Amino acid sequence: MSRKKERVVVGMSGGVDSSVAALLLKEQGYEVIGLFMKNWDDSDETGHCTAAEDFEDVRRVASHLGIPYYSVNFEKEYSERVFSHFLEEYRRGRTPNPDILCNREIKFGEFLNKALQLGADRIATGHYARLAEEGGEYRLLRGADPDKDQSYFLYALNQEQLSKAIFPIGHLRKREVREIAEKAGLPTAKKKDSTGICFIGERNFKEFLSQYLPAQPGEMRTLSGEYKGRHDGLMYYTLGQRRGLGIGGSGTGEPWFVVGKDLERNILYVEQGRDHPALYSDGLIATDVHWIGKRPPESPFTCTAKFRYRQKDQEVTVFPSADRRWLVRFAKPQWAVTPGQSVVFYDGEVCLGGGIIDQTFKGEKPEPAKTTPLLQESK
Ligand SMILES: Nc1ncnc2c1ncn2[C@@H]1O[C@H](COP(=O)(O)OP(=O)(O)OP(=O)(O)O)[C@@H](O)[C@H]1O
């Protein structure tokens, strides 16, 4: 008696990674269905629309593989559950990471539900990450390609979501993925990787943000109060930013960097030199912390962490706190750890979970009485 094939709905973006994910699943004997999501209306004045081109690539790949394919529209859900939060964070002067929320709410939320409605047993994506299961507990592992590992963006997924996920290319390197695509003659084999804001794409960031949030220009000052010029609106700047400040040459001659923001007084703080002490912190407070395992790790504990996607792991010690704010102390001072970004924890290959960086501090722990612009309590 033949076993009923497991039905897998693959998130197909029209890119090479998800094309190869679909191909590999088909070769492994799954019943594969392609599903394309449209989460943003990106048509311009001329009617040009990248999403339409991407969907055309999905059609070509699905036809090549002989699998059915559909399209689904989550523009409303994306706007309400991801984009509104993204704007709110910028409004608070922080630098959010929409991909993380998009994975939890859309790709492994709305998309997963839709796939289950289509009778899927599981969903698959072309993420560079791996999964392991032991005794009914799922673990998220880094992708095998250290340059492409995307576990950082997936730390907010829970056991239920991981139990329904397959990452068919997580054990491969990008180079191998392209080779497989070329050998199989996939029309997307040479397509370049997508860039820009999650689902919104490559934009002139200032122009884009100013359509949604009113910009409030203000003063740029050094931490000691020296006036250095005007800024275009705090939301346009992020900690450690060097470009676009429009000041140079003066003082030591070294370049200027954003070292803090005072939201109440609308001041952007700048200092000279990449290694200025104001850019370094000794620890952070994380909120919205999520642990992937069934039980949160016993703390305090030592592990490694990344404070931004493109960063080597750093050693940290994690302390719980009663009000669900976790204190993370760095083994050595860290450069430009930025509120709104995520801190993601690892034990070797295993992604333990992560949280949102709410504030950073110098010394042993935050000292509320002695706040500096970098240490501002969020509202
Ligand atoms: N518009 C979309 N519709 C369906 N699934 C999507 C879409 N965009 C992304 N995904 C899924 O999420 C995965 C990771 O998205 P990301 O944007 O990081 O992809 P990528 O590295 O550009 O991959 P790809 O080469 O497949 O586009 C994709 O491989 C795909 O499975």
Side-chain angles (χ1 to χ4, degrees), residues 8-26 32-42 49-62 65 67-75 77-78 82 97-115 118 120 122-131 140 143 145 147-157 161 164-170 172-182 186-202 309-310:
V8 179
V9 168
V10 184
M12 290 182 73
S13 62
V16 64
D17 297 332
S18 48
S19 303
V20 170
L23 167 76
L24 294 180
L25 289 171
K26 177 114 196 289
V32 182
I33 298 174
L35 186 58
F36 174 80
M37 279 182 287
K38 186 162 184 261
N39 293 342
W40 190 259
D41 182 3
D42 67 347
C49 166
T50 316
E53 288 172 8
D54 289 338
F55 186 54
E56 175 56 17
D57 284 333
V58 170
R59 187 196 64 72
R60 289 162 70 209
V61 172
L65 297 176
I67 61 170
Y69 64 97
Y70 304 95
S71 157
V72 64
N73 190 309
F74 291 133
E75 281 173 46
E77 292 81 356
Y78 184 85
V82 180
N97 193 325
D99 301 78
I100 289 164
L101 202 55
C102 176
N103 279 327
R104 191 183 74 193
E105 299 293 320
I106 306 295
K107 289 181 185 167
F108 295 87
E110 297 296 333
F111 181 91
L112 173 58
N113 289 339
K114 182 72 192 174
L118 289 171
R122 287 191 283 170
I123 61 167
T125 63
H127 281 109
Y128 287 84
R130 290 171 294 161
L131 284 168
L140 177 69
D145 186 337
D147 295 329
K148 296 297 287 183
D149 168 35
Q150 289 178 305
S151 56
Y152 180 88
F153 300 113
L154 297 166
Y155 81 81
L157 301 187
Q161 291 166 313
K164 295 274 183 259
I166 310 179
F167 300 130
I169 64 160
L172 297 171
R173 289 180 172 249
K174 181 80 190 201
R175 179 175 38 79
E176 297 171 304
V177 169
R178 288 224 182 259
E179 279 165 16
I180 293 170
E182 269 177 53
L186 294 182
T188 49
K190 293 204 159 69
K191 187 167 170 176
K192 71 174 182 21
D193 290 348
S194 58
T195 52
I197 313 169
C198 174
F199 282 106
I200 298 169
E202 209 60 72
Y309 174 49
R310 291 248 167 252

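Positions are given from 1, in the same order as the sequence printed here. What you are looking at is a predicted structure, and each value in this text was computed from that prediction instead of being measured. Ligands are counted one by one from 1 in listed order, and the atoms in each one are counted from 1 as well.
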Below 4.0 Å, non-hydrogen atoms only: which portion of [X] touches ligand 1? Side chain, backbone, both or neither.
X	answer
L35	backbone
K38	neither
K107	side chain

To which protein heavy atom is [atom] closest, and what is the distance rounded to 0.1 Å?
atom	value
atom 20 (P) of ligand 1	D17 OD2, 3.8 Å
atom 5 (N) of ligand 1	G11 C, 3.2 Å
atom 13 (C) of ligand 1	H127 CE1, 3.8 Å
atom 22 (O) of ligand 1	S194 OG, 2.9 Å
atom 1 (N) of ligand 1	M37 O, 2.9 Å

For ligand 1, which atoms, with element, lie under 4.0 Å from some heavy atom of [X]?
X	result
S13	2 (C), 6 (C), 7 (C), 8 (N), 9 (C), 10 (N), 24 (P), 26 (O), 27 (O)
V16	25 (O)
T125	31 (O)

Between D54 and K191, is there a salt bridge with N-O shorter than 4.0 Å?
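Between D54 and K191 there is a salt bridge, with a charged N closer than 4.0 Å to a carboxylate O.
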
How long is the span from the CD1 atom in I100 to the CG atom in L157, to the nearest 0.5 Å?
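It comes to 10.5 Å.
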
Nitrogen or oxygen atoms of M12 and ligand 1 under 3.5 Å apart
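Right, the criterion is met.
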
Examine S18 against ligand 1 and note whether any of their N/O atoms are separated by less than 3.5 Å.
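Yes; the residue has a nitrogen or oxygen that sits under 3.5 Å from a nitrogen or oxygen of the ligand.
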
Would K174 and D193 count as a salt bridge (Lys or Arg N to Asp or Glu O under 4.0 Å) if you check the C-alpha gap in whole Å, the side-chain angles of each, and the deciding distance to 0.1 Å?
CA-CA 11 Å; K174 181 80 190 201; D193 290 348; 2.7 Å; yes

Output, in order, the C-alpha distance, side-chain angles, deciding distance and verdict of side chain to side chain donor-acceptor pair (under 3.5 Å) for D17 and Y128.
CA-CA 9 Å; D17 297 332; Y128 287 84; 2.9 Å; yes

For atom 18 (O) of ligand 1, the option (of K191, Q150, K192) bearing the nearest heavy atom
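Looking at heavy atoms only, the winner is Q150.
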
Under 6.0 Å between the ring centres of F153 and Y309?
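Yes, ring centres under 6.0 Å apart.
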
